[in-house]
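By convention in this document, chain letters (A, B, ...) are assigned in the order of the sequence lines, proteins followed by strands, and residues within each chain are numbered from 1.
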Amino acid sequence: MSKAMVELDFFRTEKDLSSSKSFDRRRSFRDLQSVISKMKPELLKSVIESGSSSSTPKQDPTPFAPLPIYSPTNSKSVSSSSSDAAARSQTAPLTIFYNGTVSIFDVPKEKAENILKLAVENSREDSSKAPVSSCERRRFINHIARDLPMARSLSLQRFLEKRKERLIGAMPYGSPKHTRFRTGRIRGYY
Amino acid sequence: MEERNVRANVSMPDVVLECLMPYIHDPRDRASISLVCRRWYEIDAMTRKRVTIAMCYSTTPQRLSRRFRNLESLKLKGKPRAAMFNLIPHDWGGYATPWVNEIAESFDCLKAVHFRRMIVNDSDIERLAQSRGHQLESLRLDKCCGFSSDGLLHIGRSCRRLKTFFIEESVLLYENDGEWLHELATNNTALETLNFYQTDIATVRFEDLELIARNCRSLVSLKISDSEFLGLVNFFRTASMLEEFGGGSFNEEPERYTVVSFPPKLCRLALPYVGKNEISIVYPVASSLKKLDLLYSLLDSEDHCLLIQKCPNLEVLECRNVIGDGGLEVLARCCRRLRRLRIERGADDQGMGEEEGLVSQRGLMALAQGCLELEYMAVYVSDITNLSLEYIGTYLKNLCDFRLVLLDKEAIIRDLPLDNGVRALLRGCQKLIRFALYLRSGGLSDIGLKYVGQYSENVRWMLLGCAGQTDEGLLEFSRGCPSLQKLEMRACNFSERALVTSVMRLRSLRYLWVQGYEASPTGNDLLAMARPFWNIELIPPRQIVGANSDRQVIVSEQPAHILAYRSLAGPRTDFPATVRPLHPQ
């Protein structure tokens with residue numbers, strides 16, 4: 001079994017249009033931290049449920065069945081020898097974001113399942129008492145507004161895209177120094 | 001006539017006032033004068049030469065022409081400032097058409113027109129050129145959209161006295177050909193400033209530029225789009241009066257650029273896509289440079305240091321944060337005459353060679369102590385402390401415009417909140433008129449926001465991002481800011497009721513823009529600020545489908561905006577589906 005870092009990516013937010021594919025984990029931690037720290041458990045559950053309809057889990061979700069979404073990101077599937085695999089087969093890292101803190105535990109699979117079951121059961125108990133009102137939900141969603149991604153000016157956005165194109169265009173020909181760049185004619189966001 | 005001279009302290013005769021009035025230029029002085037009595041209002045109206053309308057929907061073209069018949073210069077702004085950051089729907093409004101029509105009909109003395117962030121059609125340009133082309137000396141379509149290269153043909157054909165033609169950062173609908181430039185080159189001998197910098201205009205014949213250089217002996221400033229720099233060698237030889245150049249791009253082998261020689265008077269330069277191998281072409285003129293724009297350059301931190309060292313006369317510098325703290329330290333040592341500094345945000349992603357480029361309190365403190373003449377400072381920082389803001393307040397006594405944005409690169413900023421630093425800055429910089437502070441959660445507490453209100457007596461424009469914690473902060477803030485005319489807030493998360501209460505308290509406020517607040521489903525709480533001459537518009541939350549830099553389709557949520565402004569024109573009638581006016585009914 002490969003040592004996969006599992007992160008519970010609740011919101012699947014890719015807000016910054018200009019950010020690249022490379023996953024800036026630190027930023028994602030902070031984003032998630034700040035939003036999660038304001039959440040009520042029942043709210044959290046309702047968002048997870050609403051988000052699950054759009055999720056496309058990349059792997060078989062059965063090891064962590066109670067929670068509908070997870071996406072193993074940045075999973076470093078270490079190609080390990082069988083002996084290593086045997087030694088590491090028992091535990092995998094479990095990352096938990098709670099109340100503004102992040103904790104990582106190396107736990108065996110069964111324990112992880114138990115922990116998650118416990119968390120879901122607890123939230124389920126509260127939610128049974130009071131259904132989440134749409135007003136509360138809206139307030140929650142507006143808390144996301146506080147973490148609005150910083151907007152970049154159009155002129156700079158255009159420049160950064162053009163620059164990327166120039167560099168990408170240069171690579172196939174070897175040494176970038178002596179390559180003819182094409183001046184990217186990117187239409188702006190209009 | 002005698003009656004008016006009877007008492008010793010009577011107002012002076014009209015004739016005297018009519019002679020004095022043309023010497024009074026400041027619009028605020030003019031505004032005060034026009035309030036004294038009807039006669040003074042009329043004299044001001046007859047003699048007012050320039051008007052800037054900061055929000056084009058605050059009045060109507062007819063009201064303007066009724067009052068200021070003899071205008072020579074008109075500047076209009078349309079879309080909210082947030083449009084420059086792609087936050088406003090493209091069809092939001094700000095149409096130039098009604099204004100152009102009125103200009104054609106009524107403004108017989110008009111010589112200068114400046115539209116900023118407006119929608120200008122080809123037919124507008126045609127109407128303007130045909131009706132006023134013979135008298136037009138300056139036309140600026142500044143960050144506008146809606147026209148094409150066909151519209152620009154009319155400029156060359158009909159505006160032969162044009163000294164300034166400026167379309168920087170405008171987005172053309174399409175570009176058929178370069179004929180417009182050829183028309184301009186063939187017909188015009190008066191050009192002093194020609195600017196199509198940061199546009200996508202691709203068809204530029206170097207012969208036309210050389211023709212302009214030959215015909216327009218007063219040409220002082222040329223800024224173009226991305227044409228190859230080597231094509232400009234002849235132009236530089238011909239345009240001997242040139243003081244400012246911007247644009248071009250460097251696509252050939254670096255050795256080939258040794259032939260480039262700038263005109264002798266060149267002192268303002270903007271070079272996009274220039275890299276470390278080509279930057280040496282600047283060295284012969286570096287010591288004369290007063291203005292340098294490296295926003296779109298490909299230089300790294302060290303390159304910036306090497307270049308800046310050679311520019312002791314620099315007064316204006318624009319660059320990205322790749323300049324780094326090291327670059328700012330060099331700036332502080334070498335460029336004592338610096339008046340304006342703008343440090344923009346570089347690329348976030350790795351691999352663009354900008355990992356070194358971080359600006360923090362270290363650079364700011366050096367700058368504060370070294371560049372005492374600074375009047376304008378806009379900086380994107382990766383780290384910040386209270387002490388560095390105190391330094392700014394202590395040393396930069398000439399600061400009129402200060403803008404600080406804290407990037408979210410660093411997960412932890414140790415010295416938050418910035419309450420005390422901000423207070424020290426505001427208390428120290430007494431000349432501050434414009435102020436922007438864009439932080440993060442915890443960056444400015446409610447007390448800090450209260451300080452901002454208390455100590456910004458002269459500030460007229462403010463942008464606050466993630467400021468304060470609760471409604472209390474905003475309410476305390478709004479007890480101050482006596483001069484605040486324009487307020488923009490983003491991601492501050494105040495409730496509608498707090499927003500409304502604050503608006504009612506800020507007595508100078510004539511323009512409000514908010515995005516990221518506790519929006520109610522209907523927005524009806526906002527109606528509590530409904531009053532005469534105050535337009536309230538809502539841009540409800542939208543889903544924007546766009547693409548990221550890897551061409552993946554992304555759907556992003558854009559939270560609601562509130563836009564409210566004083567207006568004599570009543571609610572506007574040209575709003576698109578994405579805008580919802582709010583009025584009590």
Full working for side chain to side chain contact (heavy atoms under 4.5 Å, CB included) between A:Leu148 and B:Gln558
CA-CA 9 Å; A:Leu148 276 179; B:Gln558 275 279 339; over 6 Å; no

When rounded to the nearest 0.5 Å, the distance separating CG of A:Leu160 from CZ of B:Arg345 is 9.0 Å

With rounding to the nearest 0.5 Å, note down the distance linking OG in A:Ser155 to CD in B:Glu169.
4.0 Å

When you look at CZ of B:Arg403, are more than 12 heavy atoms from neighbouring residues, nucleotides or ligands closer to it than 6.0 Å?
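More than 12 heavy atoms, drawn from other residues, nucleotides or ligands, come within 6.0 Å of this atom.
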
Quick one: does B:Leu407's side chain get under 4.5 Å of A:Met150's, heavy atoms only?
yes

Side-chain (A:Arg163) to main-chain (B:Leu298) donor-acceptor, under 3.5 angstrom
no

Run B:Arg320 and A:Leu156 through side chain to side chain contact (heavy atoms under 4.5 Å, CB included) and show every step you take.
CA-CA 9 Å; B:Arg320 298 189 311 280; A:Leu156 273 172; 4.0 Å; yes

A cation-pi test, strictly: NZ or CZ of A:Arg166 under 6.0 Å from the centre of the six-membered ring of B:Tyr273 and no more than 45 degrees from its axis. Yes or no?
yes

Interface moiety of B:Leu406 toward chain A, non-hydrogen atoms closer than 4.5 Å:
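Contact with chain A: backbone only.
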
For A:Arg158, is there an ion pair with B:Asp200 - N to carboxylate O distance below 4.0 angstrom?
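Salt bridge absent between B:Asp200 and A:Arg158.
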
